[in-house]
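Note that the coordinates shown come from a computational prediction; the quantities given were computed from them, not determined experimentally. When a residue number appears, it is its place in the shown sequence, counting from 1.
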Amino acid sequence: MSARDQLLVVIDPVARRTDGESVRIAKDVLGAGAAVRVCLPDGPEDFTKALARRGARRLVVIGDDRALLRAVAALHRERDLAGCALSVVPVGAAQTLTLTRGLGVPTGAVAAARAVLEGAERRLDLLVDDSDGVVLGDLRIPPVGAGRSSSVPEDVSSAVGAGGSSRVIAGRAGVAAEGHAWLRSCQSFVRTLAARPARPSRPAPPPRLRIEADGVTLVGLDQPVEGVRVTAGGGGLAHVEVRPSPSAGADASPVRVRARTVTVSGSDFRYRADAVVAGPVRTRTWTVRDRAWGLTLPR
């Protein structure tokens with residue numbers, strides 16, 4: 001039996017919890033066409049150990065964008081991306097599969113599993129930063145879609161149950177009465193917090209960053225930046241788009257170039273690399289690695 005017919009199928013724990021039926025379907029389709037060894041890691045350490053023991057088996061990841069990113073990052077740390085063609089069966093909520101969908105992987109479990117068996121490897125560019133982090137799709141500054149915190153403190157809102165009800169059990173009537181009086185005050189306070197509309201947060205001022213592409217400054221610290229997007233575009237070059245802030249008063253039209261290296265520096269900033277928000281950092285450089293990793297896609 002050839003190595004192509006032997007698969008190490010790593011099933012992400014989030015996929016097992018969120019859509020066990022799709023996981024089962026993918027396993028059945030893969031098992032009907034190849035010799036499958038299934039790995040059920042509980043965490044990143046188990047995943048890394050499974051990669052080290054895969055031998056000549058092809059690696060298949062069943063999970064969402066974060067599972068794919070974890071696999072590529074682990075192989076990059078081991079300097080094993082060149083010798084490994086990855087396959088992925090996307091399983092998860094729609095908003096967690098934007099990366100795999102953008103890379104051309106079928107979204108259905110059956111179609112994706114068949115692509116693993118019948119597809120062909122395609123070599124893709126990779127963005128690698130100076131801390132050894134990887135970007136498969138695109139990089140955004142500031143991060144888009146970061147979560148917002150609740151306006152009601154968790155420790156206070158958990159003091160009462162659903163609908164503002166709770167129970168207090170005391171050994172003496174006097175203590176119970178006092179406890180009920182305190183509880184009513186607490187419930188009233190929490191209901192007041194919940195009913196009070198959250199104060200609209202003031203928009204953060206646009207960051208002042210220096211953006212350099214292959215050593216050439218595109219935007220300096222004197223011009224606020226509304227957003228930066230970097231995408232590995234193929235051919236060993238990245239697509240770079242810088243949108244100056246309209247508040248700058250000067251020419252605010254986007255700056256678009258292609259470059260092999262991109263450096264961002266200035267005040268502390270966060271960035272979103274695919275599905276992961278990182279930072280704050282004061283400087284970071286990303287370099288395109290030409291055809292650095294392989295992904296199995298439909299023919």
Side-chain angles (χ1 to χ4, degrees), residues 1-12 14-16 18-41 47 50-51 53-76 78 80-127 134-138 231-236 274-275 288-299:
M1 182 177 291
S2 68
R4 181 171 179 80
D5 297 325
Q6 301 180 59
L7 307 178
L8 173 64
V9 180
V10 180
I11 305 176
D12 185 68
V14 176
R16 303 200 301 266
T18 58
D19 193 350
E21 180 65 14
S22 292
V23 170
R24 183 192 65 78
I25 292 172
K27 285 171 53 182
D28 290 346
V29 175
L30 294 172
V36 171
R37 178 182 176 184
V38 176
C39 176
L40 306 174
F47 183 82
L51 293 184
R53 296 194 298 263
R54 74 181 186 278
R57 293 176 180 267
R58 285 200 297 140
L59 178 61
V60 182
V61 177
I62 299 180
D64 58 12
D65 291 348
R66 286 179 178 268
L68 175 61
L69 284 167
R70 193 177 302 119
V72 175
L75 290 169
H76 172 69
E78 298 298 322
D80 201 14
L81 274 176
C84 178
L86 266 169
S87 300
V88 59
V89 178
V91 173
Q95 64 271 21
T96 67
L97 303 177
T98 56
L99 172 60
T100 52
R101 186 167 55 248
L103 291 171
V105 179
T107 53
V110 174
R114 285 178 176 168
V116 172
L117 298 172
E118 303 168 1
E121 179 188 2
R122 179 182 172 189
R123 301 303 297 183
L124 302 171
D125 290 357
L126 185 70
L127 280 172
V134 298
V135 184
L136 310 185
D138 66 353
T231 307
D274 295 319
V288 180
R289 302 281 179 87
D290 187 24
R291 298 169 56 85
W293 69 293
L295 181 65
T296 303
L297 295 173
R299 294 182 185 271

side-chain hydrogen bond (donor to acceptor under 3.5 Å, both in side chains) partners for [X], two or more places apart:
{"X": "D64", "result": "none"}
{"X": "R289", "result": "none"}
{"X": "D19", "result": "S22"}

Can you tell me if [X] uses its side chain to pair, donor with acceptor, with the backbone of [Y] under 3.5 Å?
{"X": "R16", "Y": "I11", "result": "yes"}
{"X": "R58", "Y": "A85", "result": "no"}
{"X": "D138", "Y": "T231", "result": "no"}
{"X": "D125", "Y": "R291", "result": "yes"}

Shortest non-hydrogen separation from [X] to [Y] and the atoms involved:
{"X": "A34", "Y": "L117", "answer": "CB-CD2, 4.0 Å"}
{"X": "C84", "Y": "L59", "answer": "SG-CB, 4.2 Å"}
{"X": "L68", "Y": "V88", "answer": "CD1-CB, 4.4 Å"}
{"X": "T296", "Y": "S87", "answer": "OG1-OG, 2.9 Å"}
{"X": "L7", "Y": "R57", "answer": "O-NH1, 3.3 Å"}
{"X": "L86", "Y": "A71", "answer": "CD2-CB, 4.1 Å"}

*asked:* Could you tell me if the side chain of T96 sits less than 4.5 Å from the side chain of V14, heavy atoms only?
replied: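 V14 vs T96: side chains apart.
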*Kindly indicate whether the side chain of V288, heavy atoms from C-beta on, has any atom under 4.5 Å from the side chain of L126.*
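No, too far: nothing below the 4.5 Å cut-off.
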*If you count the non-hydrogen atoms of other residues, nucleotides and ligands that lie under 6.0 Å from CZ in R54, is the total more than 12?*
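Enclosed.
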*Mind running side-chain contact (heavy atoms from CB on, under 4.5 Å) on L295 and R122 for me, showing each step along the way?*
CA-CA 5 Å; L295 181 65; R122 179 182 172 189; 5.7 Å; no
_Distance in Å, L40 CG paired with I62 CD1, rounded so as to fall on 0.5 Å steps_ =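 The CG atom of L40 sits 9.5 Å away from the CD1 atom of I62.
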*By salt bridge (Lys or Arg N to Asp or Glu O under 4.0 Å), which residues pair with D290, not counting sequence neighbours?*
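With sequence neighbours excluded, D290 shows a salt bridge (Lys or Arg N to Asp or Glu O under 4.0 Å) to no residue whatsoever.
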For residues 100-116, dump all side-chain donor-acceptor pairs below 3.5 Å to protein atoms at least two apart in sequence or in another chain.
residue	atom	partner	partner atom	Å
T100	OG1	D65	OD1	3.4
T100	OG1	L97	O	3.1

*Between D12 and R70, does a side-chain contact (heavy atoms from CB on, under 4.5 Å) hold up when you go through it step by step?*
CA-CA 10 Å; D12 185 68; R70 193 177 302 119; 2.9 Å; yes
*State which residues pass side-chain contact (heavy atoms from CB on, under 4.5 Å) with Q95; sequence neighbours excluded, sorted by chain then number.*
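Result, side-chain contact (heavy atoms from CB on, under 4.5 Å) vs Q95: A93.
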*List the steps, then state whether side-chain contact (heavy atoms from CB on, under 4.5 Å) holds for W293 with L136.*
CA-CA 9 Å; W293 69 293; L136 310 185; 4.1 Å; yes
